[in-house]
Amino acid sequence: MTNPARIELDGQSVELPVVVGTEGEKAVDISSLRDVSGYITLDDGYGNTGSCTSKITFIDGEKGILRYRGIPIEQLAGQSTFIETAYLLIYGRLPHAKELQRFSDLLTLHENLHEDMKYHFEGFPSHAHPMAILSAMINASSCFYPGMEIGKPTAPYFDQHAARLISQVRTIAAFSYRKTRGLPIIYPKPANKYTANFLHMMFSDPYQDYELKPEVVRALDLIFLLHADHEQNCSTSTVRMVASSKANLMASAAAGVCALWGPLHGGANQAVIEMLEDIQRSGDDGSRFIQEAKDKRNGKRLMGFGHRVYKNHDPRAKIIRQTCNTLLKSLQIQDPLLDIAFRLEEAALKDDYFIERKLYPNVDFYSGIIMRAIGIPTELFTVIFAIGRMPGWIANFKEIMDESKTRIYRPRQIYMGPTLNSYVPMKDRG
Ligand code: ACO
């Protein structure tokens, strides 16, 4: 039994329970604070706020630890696949062979979009950002399938909707890529595994199937797996926020896509490549950019560096850096952007500015280079992140739905606006 926390407020001592997680993380449960004292806590950007308890993912940012359902990310990256990991995240344990087969069959069963959904693609302009198409199409898909009613118990509909979402997000992504290029749509092939099928829908043409190189399939599968969950980040918190109102799975996931889009979150992988291209175009070897990224006046940042929770290293970046090197060698690709990236990394890791602020490369620093090598266009990078993150969002959605006592998410604020004043009629406003 942990001793309660005690705080003094206006001369009064308030006792608050302490919650200890299974990995020893400690939190002061302040949910009763306002009732007993009139105070709330203020934590701009939620950097020190636990919004929930969760059994899905554990991160120790100081030690560079990431585990899905207790299993270290390094083990999953080395031995699992994206789809097996998706099962682990959503259902809480590794599947037996039959369970994995059933899950895989469900994904195949639901890989095609409802035919009428195809007409939606025609309404988007060819320059539309694929993240806009993705969120709109995921949301639209809730119109096409029954059993999506608000507040339904999660099973049996949940398994189908979860499989449909994981499977179709990849179909939507590939269709939107081909639509923006004016290319004919390629349908999925049931015989292909998940990631191979995505590459097929992206790059095959009606007369010639895309050659599926195992190292390419594996590298992309690894990117999906490494992005599959990351506890209460901006997009996952958004999914939980929307789900807490008992909105359906598709609506919650579509909101997650929007939150992921920004360059400070999922959009960073696109921003990294754009930054590297800018550096290359300007003839800089990276050293000038490092100086600029330290100068707050120009608003530049070293994209792909820094993380809200990792203050030592991002374990995903370590894994993906290695894959990036191996893949480029195997495909015999000489990418000058990779040279700039390595120079930036080397310089930043020795620079006091980055050391003092504990800014290390994050997963996005290398994932963009891999995707570029595979031939995925830059504007689709964040969509790849969204495909990978879908199991994590679904697992968090399920956790909210399964938890009988979840309350609607509703933070408070401290108001700093004008105090009471009166409405002035137009004629008297001067
Ligand atoms: N380049 C230069 N300076 C930086 C960077 C960076 N990439 N990141 C943070 N800093 C500086 C800030 O200017 C600030 O400096 P100050 O203390 O002198 O004011 C200090 O480091 C702390 O930065 P915050 O913005 O307060 O850190 P926060 O935890 O809020 O932000 C974030 C984390 C958004 C990831 C930030 O590091 C960043 O913008 N990185 C670049 C974008 C990026 O790579 N995002 C991907 C994140 S990983 C993911 O979503 C998968």
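Start at 1 with the first residue, then count along the sequence. Counting starts at 1 for both ligands and their atoms, in listed order.
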I'd like to know if the side chain of [X] pairs up with that of [Y] as donor and acceptor (distance under 3.5 Å, no hydrogens or angles considered).
| X | Y | value |
| --- | --- | --- |
| Thr57 | Asp229 | yes |
| Thr41 | Asp43 | no |
| Asn396 | Thr236 | no |

Using a 4.0 Å cut-off to any heavy atom of [X], which atoms of ligand 1 qualify?
| X | value |
| --- | --- |
| Asp364 | 46 (C), 48 (S), 49 (C), 51 (C) |
| Ala268 | 43 (C), 44 (O), 45 (N), 46 (C) |
| Ala293 | 2 (C) |
| Gly304 | 43 (C), 44 (O) |
| Gly306 | 35 (C), 37 (O) |
| Lys296 | 13 (O), 15 (O), 16 (P), 18 (O), 19 (O) |
| His265 | 46 (C), 50 (O) |

To which protein heavy atom is [atom] closest, and what is the distance rounded to 0.1 Å?
| atom | value |
| --- | --- |
| atom 11 (C) of ligand 1 | Tyr353 OH, 3.5 Å |
| atom 40 (N) of ligand 1 | Phe305 O, 2.9 Å |
| atom 34 (C) of ligand 1 | Leu264 O, 4.0 Å |

Does [X] come within less than 4.0 Å of [Y], counting only side-chain N to carboxylate O?
| X | Y | answer |
| --- | --- | --- |
| Asp351 | Lys294 | yes |
| Arg240 | Glu399 | yes |
| Arg102 | Asp105 | no |

Testing His313, Arg316, Lys358 for side chain to side chain contact (heavy atoms under 4.5 Å, CB included) with His307, which one passes?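 For His307, the side chain to side chain contact (heavy atoms under 4.5 Å, CB included) check succeeds only for Arg316.
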
For [X], I'd like to know if atom [atom1] has over 12 heavy atoms of other residues, nucleotides or ligands within 6.0 Å.
| X | atom1 | value |
| --- | --- | --- |
| Gln322 | CD | no |
| Asp295 | CG | yes |
| Arg281 | CZ | yes |

Does atom 26 (O) of ligand 1 have a protein non-hydrogen atom under 4.0 Å from it?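 Given the 4.0 Å limit, the answer for atom 26 (O) of ligand 1 is no, no protein heavy atom qualifies.
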
Among all the protein's heavy atoms, is there at least one whose distance to atom 38 (C) of ligand 1 comes out below 4.0 Å?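 Neighbour list for atom 38 (C) of ligand 1 includes protein heavy atoms (cut-off 4.0 Å).
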
Measure from [atom] to every heavy atom in [options] and give the option owning the shortest one.
| atom | options | value |
| --- | --- | --- |
| atom 7 (N) of ligand 1 | Asn269, Leu302, Asp295, Leu226 | Leu302 |
| atom 12 (C) of ligand 1 | Arg389, Arg357, Arg301 | Arg301 |
| atom 29 (O) of ligand 1 | Glu356, His307, Arg308 | Arg308 |
| atom 9 (C) of ligand 1 | Asn233, Thr382, Leu359, Leu260 | Leu359 |

Return yes when Phe365 approaches ligand 1 closer than 4.0 angstrom through a heavy atom, no otherwise.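 The answer is no: ligand 1 sits nowhere under 4.0 Å from a heavy atom of Phe365.
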
Contact check, Lys294 vs ligand 1, heavy-atom distance below 4.0 Å: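 No, Lys294 has no heavy atom closer than 4.0 Å to ligand 1.
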
Purely on distance, is any nitrogen or oxygen of [X] under 3.5 Å from one on ligand 1?
| X | answer |
| --- | --- |
| Arg316 | no |
| Phe385 | no |
| Val363 | no |
| Met303 | no |
| Phe354 | no |

How far apart are the C-alpha atoms of Arg69 and Glu84, what are their side-chain angles, what is the distance that settles it, and do they pass the salt bridge (charged side-chain N to carboxylate O under 4.0 Å, His left out) test? CA-CA 13 Å; Arg69 302 283 187 184; Glu84 187 186 50; over 6 Å; no

Would you say the side chain of Ile370 lies within less than 4.5 Å of the side chain of Leu222, judging by non-hydrogen atoms?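 Not touching, per the 4.5 Å side-chain cut-off.
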
Aromatic ring centroids of His230 and Tyr310 under 6.0 Å?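 Between His230 and Tyr310, the centre distance is under 6.0 Å.
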
Determine yes or no for a side-chain-to-main-chain donor-acceptor pair under 3.5 angstrom, with Arg170 supplying the side chain and Ser167 the backbone.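 Such a contact is found between Arg170 side chain and Ser167 backbone.
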
